[in-house]
Each structure stands twice: as structure tokens, then as C-alpha cells.
Amino acid sequence: MKKMCIALLLSLVSLTAFSQVKVIHFNAGWNEANDVEWFDKLSDAGKKRLSIDDTEIQKKYAIAIVPTIIVFDEGEEVKRFQADLSFKMAATREEIQEYIDELIISKF
């Protein structure tokens, strides 16, 4: 029931709210084996993948461990999900999607 209500609310949200939420997946070439395969299945947010092999990107976003997924709202970082010590993403797709959904709903 909760998922159905969220889906209904999200369908009523304007595309402007969606376009304000961005999600960036950071990883490195040497850690491709631990890439977050479900990242592209996240919905209701703009998505982008960046490699910290470019050290300027690593510095700009202060990435300390990969993979890292950062959620931005209106260009500001609002939540960071990081890998555990084995360089595997600790958060689940459901956790991150729930955060995105709640962020969008909170705009009302």
C-alpha cells in the first residue's frame, strides 16, 4: 500500500522536481568488478557515472572510497552512500530509491 501511495504521489509530481534531483555514481577503473550494476535502474532522478581516475573529479567531490553514490538536490549534495571496506556498495538499490522518493515528495 505504501509503495502504491508513493507511486501515485510521484505520478502527480511535476517534471521540474525530478530534474532538480541528480545522482552520480563514482568508481575507478581498478574497481570495475565492484561497479553498482543496478545504478541505471534508479528512477525519478538524473543519473551520471564518473570515474575518479580523473583526479580532479576525485578532489572536487572529495571521494575517499569507491564506489560512492551521491544524491544532489538543486546542485547541493544531500546524501552520500559509500562502499564498505571491501570496496562494495553498502547501500541497496531500495535504500537509495527510497531516499530519492522521499526527497521528491518532501518538495510539496
Side-chain angles (χ1 to χ4, degrees):
M1 183 69 164
K2 180 181 175 183
K3 287 184 179 185
M4 202 161 117
C5 291
I6 289 173
L8 179 60
L9 284 172
L10 289 176
S11 68
L12 299 173
V13 175
S14 72
L15 292 175
T16 305
F18 292 147
S19 66
Q20 295 173 349
V21 178
K22 308 273 190 247
V23 185
I24 302 178
H25 170 282
F26 297 88
N27 206 354
W30 55 264
N31 194 43
E32 287 178 359
N34 291 318
D35 201 36
V36 181
E37 295 177 8
W38 46 259
F39 175 77
D40 293 325
K41 293 180 181 178
L42 293 172
S43 61
D44 304 323
K47 297 177 290 285
K48 188 174 193 175
R49 290 177 181 264
L50 294 176
S51 173
I52 65 161
D53 292 337
D54 177 344
T55 58
E56 291 302 314
I57 289 173
Q58 185 270 328
K59 290 176 187 174
K60 178 179 179 181
Y61 294 99
I63 304 300
I65 190 165
V66 288
T68 292
I69 295 176
I70 302 178
V71 180
F72 295 87
D73 185 23
E74 297 182 23
E76 297 294 320
E77 180 179 333
V78 292
K79 185 73 173 176
R80 184 177 288 233
F81 299 91
Q82 296 180 312
D84 58 22
L85 293 176
S86 67
F87 295 100
K88 293 181 182 175
M89 177 53 63
T92 66
R93 173 182 167 202
E94 292 77 18
E95 288 176 274
I96 296 175
Q97 186 64 61
E98 184 175 329
Y99 184 83
I100 292 168
D101 294 346
E102 289 176 5
L103 181 62
I104 292 170
I105 289 170
S106 73
K107 294 179 179 288
F108 293 94

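From a predicted model like this one, the values you see are computed outputs, not experimental measurements.
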Roughly how far apart are Asp35 CG and Met89 CE, rounded to 0.5 Å?
10.0 Å
With a 4.5 Å limit on heavy-atom distance, are the side chains of Thr68 and Arg80 in contact?
yes
First locate atom CD of Glu76, then atom CD1 of Ile70, and finally report the distance between them rounded to the nearest 0.5 Å.
12.0 Å
dist Leu42:CG -> Glu94:CD (nearest 0.5 Å) comes out at 9.5 Å
Heavy atoms only: give me the nearest Asp53-Gly29 pair and the separation to one decimal.
OD2-N, 3.0 Å
Same cluster for Phe72 and Val66 if Ile/Leu/Val/Met/Phe/Trp/Tyr side chains link at under 4.5 Å?
yes
If I compare all heavy atoms of Ala45 with all of Val23, which pair ends up nearest, and what's the gap?
CB-CG2, 3.7 Å
Please identify each residue that fulfils side chain to side chain donor-acceptor pair (under 3.5 Å) with Asn34, with sequence neighbours left out.
Asn31
Under the side-chain contact (heavy atoms from CB on, under 4.5 Å) rule, what do Val21 and Lys107 come out as? Steps first, then yes or no, please.
CA-CA 11 Å; Val21 178; Lys107 294 179 179 288; 4.1 Å; yes
Do Gln58 side-chain atoms and Ile63 backbone N/O form a donor-acceptor pair below 3.5 Å?
yes
Let me confirm one number: the NZ-CD1 distance from Lys88 to Ile65, rounded to the nearest 0.5 Å.
12.5 Å
Please report the interatomic distance CD1(Ile52) to CG(Asn27), rounded to the nearest 0.5 Å.
7.5 Å
Search all heavy atoms of Lys47 against all heavy atoms of Asp40 and return the closest pair with its distance.
CE-O, 3.4 Å
Restricting to non-hydrogen atoms, name the atom on Asp44 and the atom on Ile104 that form the minimum distance, rounded to 0.1 Å.
O-CD1, 3.2 Å
same_hphob_cluster(Ile100, Phe81) at 4.5 Å side-chain heavy-atom cutoff
yes
Sequence neighbours left out, what pairs pass ring-ring contact (aromatic ring centres under 6.0 Å, His included) with at least one residue falling in residues 29-53?
His25-Phe39, Trp30-Phe87
Can you name the closest pair of heavy atoms from Lys41 and Gln97 and give their distance?
O-OE1, 4.4 Å
To check you understand the geometry: which heavy-atom pair defines the closest contact between Ile57 and Ser51, and what is its length?
CD1-O, 3.8 Å
May I ask you to decide if the ring planes of Phe26 and Tyr61 are parallel, tilted or perpendicular, using 30° and 60° as cut-offs?
tilted
Check this for me: does any side-chain nitrogen of one of Glu95 and Lys79 sit under 4.0 Å from a carboxylate oxygen of the other?
no
